[in-house]
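Working notes for the structure below.
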Amino acid sequence: MSSEAEAGASVWLLGTRPEDTASGLPAPHSARGVVAVELDGAGEPSARREFDASELPGFVRARAGRPTRFAFSDTPLWYPPLLAAGVTIERSRDLRLAHAILAGAQALAGAPEGRALAAAQEWAAPPLTEVEDLRGEALFDVEEFGSERRRARTKQVPHDIDSALAEYRRQERAIAASAQPARLRLLLAAESAGGLVAAEMQAAGVPWDVAEHDRILAEHLGPRPMEGAKPAKMLEVAQEVRAALGDPRANLDSPPRLLQALRNAGINVASTSKWELREHDHSAVEPLLRYKKQARLLAANGWNWLDEWVRDGRYRPVYVPGGVVTGRWAASGGGALQIPRQLRPALRADPGWTLISADVAQLEPRALTAMSGDRAMAEAGRGRDLYSGLVEEGIVGTRQEAKIAVLGAMYGSTTGESGRLVPRLRTSFPAAMALVDSAAEVGRRGGRVSTWLGRTSPEPDERWREAQARGNRFDASPQDENRARRAAGDWGRFTRNFVVQGTAAEWALAWLADLRLRLAQLPATGGEPARASGPVFERRAHLVFFLHDEVIVHAPLEQAEVAAQAIREAAASAGRVMFGQAPVDFPLDLTVAERAAKG
DNA sequence: TGTAAGAGCGCG
DNA sequence: AAAGCGCGCTCTTACA
């Protein structure tokens, strides 16, 4: 990840043959020919190879061991067939992801090279979604493209070599002309590595114990009912609720009707949400909350979910790297970002393997600490729980208060307990608070802010501007002024949080990128692979899950210790690569699962 | 009959 | 207890 290591890497650009594209085929899915162009340090082609698409895995494999960065249009289209052929890539440039970052980057604002890049609108395409039908298929041989379940994205980036070459050059010129070339390079490398990780994790899948999942469902809901019927335990609880309400026909599944039923029973609520219900002391509340929890489990992660998303003991969600404005990943299908903690026991290593999970304690406040260089905040978090640190330093009374205060500072809350506590942080941590306060001020005025590595927030939309203009007119009504102030405040909280959440996401990407390279260097084990027909990296410890500030690695038992060490070292490395010698640590909570699968 | 919007809740 | 930020998914209801 360091720039010194980058210097020696040669760049190979991959694209489809221009004549294939000209024929109107939906490249690269049905392209026959692939062109690989090697670029020298100045971005000029120094070598060119043309071969059948089936030879691409061999071409990539032949470069293993030499530092090579492969650049291509769109990772979800190029990488899965390589993985299916047992080939992995070390470094890449995803031109679509890179374009999205650079086209919006404030660091290039005003530079003609930046304008030239942003003008290449054909590269501004949204991520591909719902790609499950493509899983495991050799993309280059797929003629039929699209099924009823799959929405092809309406706009595709170009895949031919000429377009890729032109875009790569625009990107290089824009980076060189930017105010922060080193940081942008790091960001693009990390973002692209994230694309590789997402494809690899989807190929590997999360080892999932269907029997354990079914046991949890049965415990809470009862045995699996007939299609369309409600599980027995839900029906029982529903009866309890109706009895307590004194309304034998109350409909618990329709919020408006449930609201009416609650009011008829004398429970004076404005909504049926659980935080409001909890406030009321009525015998119907407890079973109703239980019913809601059951309904949620059934709808979101019940037997239908299991049927659709878990196959052959693997859960394969669809990740969308860069899918959130702040740079966090999104998910599309499978609900990877919302697996309830309740179901965590269903994540179960294969026999002879184990699961190592690690999450960063208080990642966002630590990212804020590092980017603001706030020494007092660094001191409060060094080597300990940051929130406890605040208590020990006498800034707040309890850990809970510390958490409320810190979250309030990052989210911009002004009311209640949080609003009361935030001013204390302003005294104790002036640098950190100045950073988020000024980000909020920029947002309130409609400006843009950037993360540490240079991802820039979007501009507010036309409606927002109109609201401000209307609120500022000499004849603005109180409602106009109110609406404008409210919108300005909303956008200020967004930009306040953007710099923190976005920088934290960059740290997490740097961690992932470094970790996958460390794991790739582990020897293949002589024992059983995770699956008989799995990708090549399933013979060693590999990433299977990532969620904002948490990773899960599936490792052969004999590699558990080295894999855990790799996770820790990658975290330390991510901190150094992003923030240099800033005195901020990123401590991990790391757990090696005790139970492996039966058998 | 099909889509959009809102409610509600899971995750960080 | 939420609040204050960012998401996705399912269900119901409203409306074309």
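Each chain gets a letter, A, B and so on, in the order its sequence line appears, and its residues count up from 1. Note: hydrogens, waters and symmetry copies are ignored here, and every other heavy atom, side chains too, is used.
Gly323(A) comes within 4.0 angstrom of nothing in the nucleic acid, heavy atoms only. Residue Ser273(A) is in sugar-phosphate contact alone, with no base atom involved, counting any heavy-atom pair closer than 4.0 Å across all strands shown. Contacts of Asp253(A) with the nucleic acid, taken as non-hydrogen atoms under 4.0 Å apart, involve only primed sugar atoms and P, OP1 or OP2.
Trp303(A) and Trp309(A) have their aromatic ring centers separated by at least 6.0 angstrom. Between Trp464(A) and Phe494(A), a ring centre-to-centre spacing not shorter than 6.0 Å is recorded.
Asp247(A) and Arg242(A) are not joined by a salt bridge, as no carboxylate oxygen comes within less than 4.0 angstrom of a charged side-chain nitrogen. The pair Arg328(A)-Glu191(A) does not count as a salt bridge, with every side-chain nitrogen at least 4.0 angstrom from each carboxylate oxygen. Ion pairing of Glu417(A) with Lys403(A) is absent here, as no side-chain N (NZ or NE/NH1/NH2) approaches a carboxylate O to less than 4.0 Å.
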Requested in this report: For DNA chain C, produce a single dot-bracket line, 5' to 3'. Pairs: Watson-Crick or G-U wobble, both distances under 3.5 Å. Symbols: ( ) within strand, [ ] crossing, | other strand, . unpaired.
Outcome: ....||||||||||||
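For Arg341(A) against dG10(B), a side-chain-to-base donor-acceptor contact under 3.5 Å is absent. Side chain Glu417(A) to base dA2(C): a donor-acceptor pair is found below 3.5 Å. The base of dC5(C) is not paired with the side chain of Arg493(A) by any donor and acceptor separated by under 3.5 Å.
With a glycosidic angle no further than 90° from 0, dG4(C) counts as syn.
With 3.5 Å as the limit, one finds a donor-acceptor pair spanning the side chains of Asn264(A) and Gln260(A). No side-chain donor-acceptor contact under 3.5 Å links Thr503(A) and Thr451(A).
Panel note: side chain Thr495(A), backbone Trp491(A); a donor-acceptor pair is recorded below 3.5 Å.
Between the C1' atom of dC5(C) and the CG atom of Asp490(A) lies a distance of 11 Å, rounded to the nearest Å. In this structure, Gln294(A) atom CD and dC9(B) atom C1' are separated by 15 Å, rounded to whole Å.
Taking the ring axis of Trp452(A) as reference, the NZ or CZ atom of Arg183(A) stays within 45° of it and closer than 6.0 Å to the ring centre.
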What nitrogen or oxygen pairs link the protein and nucleotides 13-16 of chain C at under 3.5 Å?
{"from": "dT13(C)", "atom 1": "OP1", "to": "Ser254(A)", "atom 2": "OG", "distance (Å)": "2.3"}

